[in-house]
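This is the structure I want to talk about, given as structure tokens.
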Amino acid sequence: MKRIIKPFVILFSTIILMASCLNSDNYNITYYADTAITSFSLGTLNRYLTVVSSTGEDSTVTSTITGSNYKFYIDQLKQEIYNPDSLPVGTDAAHVICTVGSKNAGTIIIKNIDSDTLAYYSSTDSIDFTTPREFRVYALDGMAYRKYTVSVNVHQEYADTFMWNEAGMCDMFKGLKGMKAVECGDKMLVFGSDGAGTFVYSSGIEGSPAWTQLAENVSLDAEAYKNIMVYDDKIWTLNGKDIIVSSNGEDWSVHSTLAASVADEDICLLLGAGKRKLYAINSNGVIVSSDDEGLSWHEESVIDNAENIPTQDVSFACLTVHTNENTERMVIAGNRDVDVYTEDSVAMVWNKIEEYDDGTETHSWYLSNEKNSYELPRLTNLQMLKYGDVLLAMGGAGLGTSTALPFTQLYTSGDCGLTWHNYTSYTLPENFDNAGSNVFTFAIDSNNYLWIICGGNGQVWRGRLTQMGWAENQTSFME
């Protein structure tokens, strides 16, 4: 009997004790010793823009921006909070409503903008973020706090404005019959032909107006400038039957010698390179490629009529396919022989996809010309390059039946050369003039500056779309 009663006594005593605790007015509260700001977002902001009316008068247009669309990053190590994607030009940063979250319900304090006075943060108060502000978050035990520098970044320039600067003049460029420029290290090199040979000129990519002529260790023939391309951090060109390379444009060595007896290796024009192949056009007007750095060449497959492959004023671009890092798109643009195809009014633009993943298909080149209303005109000395995610092209007077005027616009394609447009974001320098000459070169450097170097008057222009100069901030941190 005692063995049976004893468990019931223990159970009854436990119930009484629990009931006593539930009726107690005393609670145990935990005061945490650590805290941090864990979230930061903006509310709706005003944006003020000054516009010019048709009568030339200035007026202010007000609009709103959804601040929560701009993500803020919290660097707990540096104790910094900022938005890497800046708010648009004209955003009112002086009257900002923000929502701030903290760990363990820490108390958030904000320091006065021009004194050491502290005030409690309120999610309904407007805050001036025209300069970085100091936020503090105090732990519940009152013993410690963490402080953060909060920056609300606002663009000071429009993203889609092209800013040009004249970067001097070079008399050595005047009278050249052909030019091509490429970046090499921290230099911009111009390969210019006087009709008898090709010479190399160098200037810093920071836009220095001083140009110097290099003393090459080989004599470059008059056509060498047409074959200039960059691959594997070296400059490549075709000099006679030799493919030669250089790391500085001055010291050249023979990489390979073409076999004139082999049709596929009778290269007459180097085009450019992707990740794994070099591309060229042979004397038969056929696109060929090399996957062993120019030691051997193989004819490329084409879908459309090979007679439409351009053979003069030819440019090459390699575009990244963002959906697959192992896929590239190659684009060739240029003109057919003017003496043979006298009726052409548009340039020939060809495309090809290259896939490098195992098991992927081999693709063919195809003609992008679709007889639409937005084809690339047939221009003298037509040149094309990749600028960000678009293609840009420009040239002199129209050839054949093209009535295009010289240097009237930058032709822009956002669909890999299928259509070409006159976008207001991409403009030539104001009052651009090449002294009636069609000779120029068109290049881009690693700082996303576009260069236009003129052979007529020797002018050098350097410009950039403003958003191409914006820094990319770090966007992820360890906790």
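Small disclaimer: the values here were computed from a predicted structure and weren't measured.
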Please tell me if the side chains of Pro88 and Tyr70 come closer than 4.5 Å, counting only heavy atoms from C-beta onward.
yes

Polar side-chain atom of Arg378 near backbone of Asp344 as donor-acceptor pair, under 3.5 Å
yes

Asn282-Trp297 side chain donor-acceptor pair, cut-off 3.5 Å:
no

Step by step, work out the side chain to side chain contact (heavy atoms under 4.5 Å, CB included) result for Thr441 and Gln383.
CA-CA 8 Å; Thr441 184; Gln383 295 186 39; 3.9 Å; yes

Taking atom types as modelled, find out whether His322 and Asp389 have a side-chain donor-acceptor pair closer than 3.5 angstrom.
yes

Pair Asp266 + Lys241: basic N to acidic O under 4.0 Å
yes

Considering non-hydrogen atoms only, spot the tightest contact between Lys226 and Leu269 and give its length.
O-CD1, 3.7 Å

Ignoring hydrogens and geometry, is there a side-chain-to-backbone donor-acceptor pair from Arg336 to Thr311 under 3.5 Å?
no

Kindly compute the distance separating OG (Ser41) from NZ (Lys71), expressed to the nearest 0.5 Å.
12.0 Å

Side chains of Ser402 and Ser345 only: does a donor on one sit below 3.5 Å from an acceptor on the other?
no

With side chains defined as the heavy atoms from C-beta onward, is the minimum distance between Val96 and Leu42 less than 4.5 Å?
yes

Is any side-chain heavy atom of Pro132 less than 4.5 Å from a side-chain heavy atom of Thr149?
yes

Do Asp92 side-chain atoms and Arg47 backbone N/O form a donor-acceptor pair below 3.5 Å?
no

Where is the tightest heavy-atom contact between Asn438 and Ala397, given as atom of each residue plus distance?
OD1-N, 3.1 Å

Do Tyr231 and Val245 come close enough that some side-chain heavy atom pair is under 4.5 Å?
no

Got a sec, which pairs hit salt bridge (Lys or Arg N to Asp or Glu O under 4.0 Å) with one end in residues 314-330, sequence neighbours left out?
none

Evaluate the ring planes of Phe40 and Phe129, with Trp represented by its six-membered ring, and classify them as parallel (under 30°), tilted (30 to 60°) or perpendicular (over 60°).
perpendicular

Among Leu220, Val439, Thr198, side chain to side chain contact (heavy atoms under 4.5 Å, CB included) partner for Ser193:
Thr198

Would you say Asn227's side chain and Glu223's backbone share a donor-acceptor pair under 3.5 angstrom?
yes

Taking all non-hydrogen atoms of both residues, which atom of Ala333 and which atom of Leu376 are closest, and how far apart?
CB-CD2, 4.4 Å

Please determine, by modelled atom types, if Tyr426 and Gln409 share a side-chain donor-acceptor pair under 3.5 angstrom.
no

Arg464 side-chain N/O to Asn447 backbone N/O, donor-acceptor pair under 3.5 Å:
yes

Full working for side chain to side chain donor-acceptor pair (under 3.5 Å) between Asn239 and Thr237:
CA-CA 6 Å; Asn239 197 36; Thr237 192; over 6 Å; no

Point-to-point distance, once rounded to the nearest 0.5 Å, from CG of Leu418 to CG of Asn372
6.0 Å

Side chains of Met179 and Tyr225: does their closest heavy-atom pair fall under 4.5 Å?
no

Can a donor-acceptor pair be found, under 3.5 Å and without considering hydrogens, that links the side chain of Ser315 to the backbone of Met384?
yes

Ring centres under 6.0 Å, that's the criterion: do Phe173 and Trp211 meet it?
yes

Return the orientation label for the Trp365 and Tyr279 ring planes: parallel under 30°, perpendicular over 60°, tilted otherwise.
perpendicular

Quick one: do the Asn248 and Asp251 side chains pair a donor with an acceptor below 3.5 Å?
yes

Does a side-chain heavy-atom distance below 4.5 Å link Thr64 with Leu45?
no

Whether Ser202 side chain and Leu189 backbone form a donor-acceptor pair below 3.5 Å:
no

Would you please indicate yes or no on a ring centroid separation below 6.0 angstrom for Phe432 and Phe407?
yes

Candidate list Leu410, Thr412, Leu450, test side chain to side chain contact (heavy atoms under 4.5 Å, CB included), partner Tyr387, passing option:
Leu450

Side-chain H-bond candidate by donor/acceptor type, Asn308 with Asn369, under 3.5 Å
no

Partner set under side chain to side chain contact (heavy atoms under 4.5 Å, CB included) for Ser373, not counting sequence neighbours:
none

Could you tell me the separation between the CG atom of Asp304 and the CE atom of Met348, rounded to the nearest 0.5 Å?
11.0 Å

Is there a donor-acceptor contact under 3.5 Å from the side chain of Ser283 to the main chain of Cys268?
no

Would you check if the distance from the ring center of Phe162 to the ring center of Trp164 is below 6.0 Å?
yes

Count the heavy atoms belonging to other residues, nucleotides or ligands that lie under 6.0 Å from OH of Tyr366, then report whether that count exceeds 12.
yes

Give a yes or no on whether Asp233 atom CG has more than 12 heavy-atom contacts from other residues, nucleotides or ligands under 6.0 Å away.
no

Distance-minimising heavy-atom pair for Cys416 and Val331
O-CG2, 3.9 Å

N/O donor-acceptor pair under 3.5 Å between Ser203 side chain and Ala210 backbone
yes

Which value, rounded to the nearest 0.5 Å, describes the distance between Arg462 atom CZ and Trp451 atom CH2?
5.5 Å

Let me confirm one number: the CD-CG distance from Gln459 to Asn434, rounded to the nearest 0.5 Å.
8.0 Å

Do Val230 and Glu183 have side-chain heavy atoms sitting under 4.5 Å apart?
no

Within residues 274-287 or reaching into it, pairs that qualify as salt bridge (Lys or Arg N to Asp or Glu O under 4.0 Å) - sequence neighbours excluded:
Lys277-Glu300, Lys277-Glu354

Counting distance only, does the side-chain N/O of Asp433 pair as donor-acceptor with the main-chain N or O of Ala435 below 3.5 Å?
yes

Nearest heavy-atom contact between Thr360 and Asp357 is OG1-O, 2.6 Å

Answer yes if the side chains of Thr419 and His421 hold a donor-acceptor pair under 3.5 Å, and no otherwise.
yes

Please round to the nearest 0.5 Å and tell me the distance separating atom NE2 of His363 and atom CG of Asn351.
12.0 Å

Distance-minimising heavy-atom pair for Ser290 and Ser296
OG-O, 2.8 Å

Do Lys180 and Phe442 have side chains that approach each other closer than 4.5 Å (heavy atoms only, starting at C-beta)?
no

Kindly determine whether Gln76 and Tyr148 satisfy side chain to side chain donor-acceptor pair (under 3.5 Å), including the steps that lead there.
CA-CA 9 Å; Gln76 299 290 0; Tyr148 296 81; 2.7 Å; yes

Centres of the Trp420 and Tyr374 rings: under 6.0 Å?
no

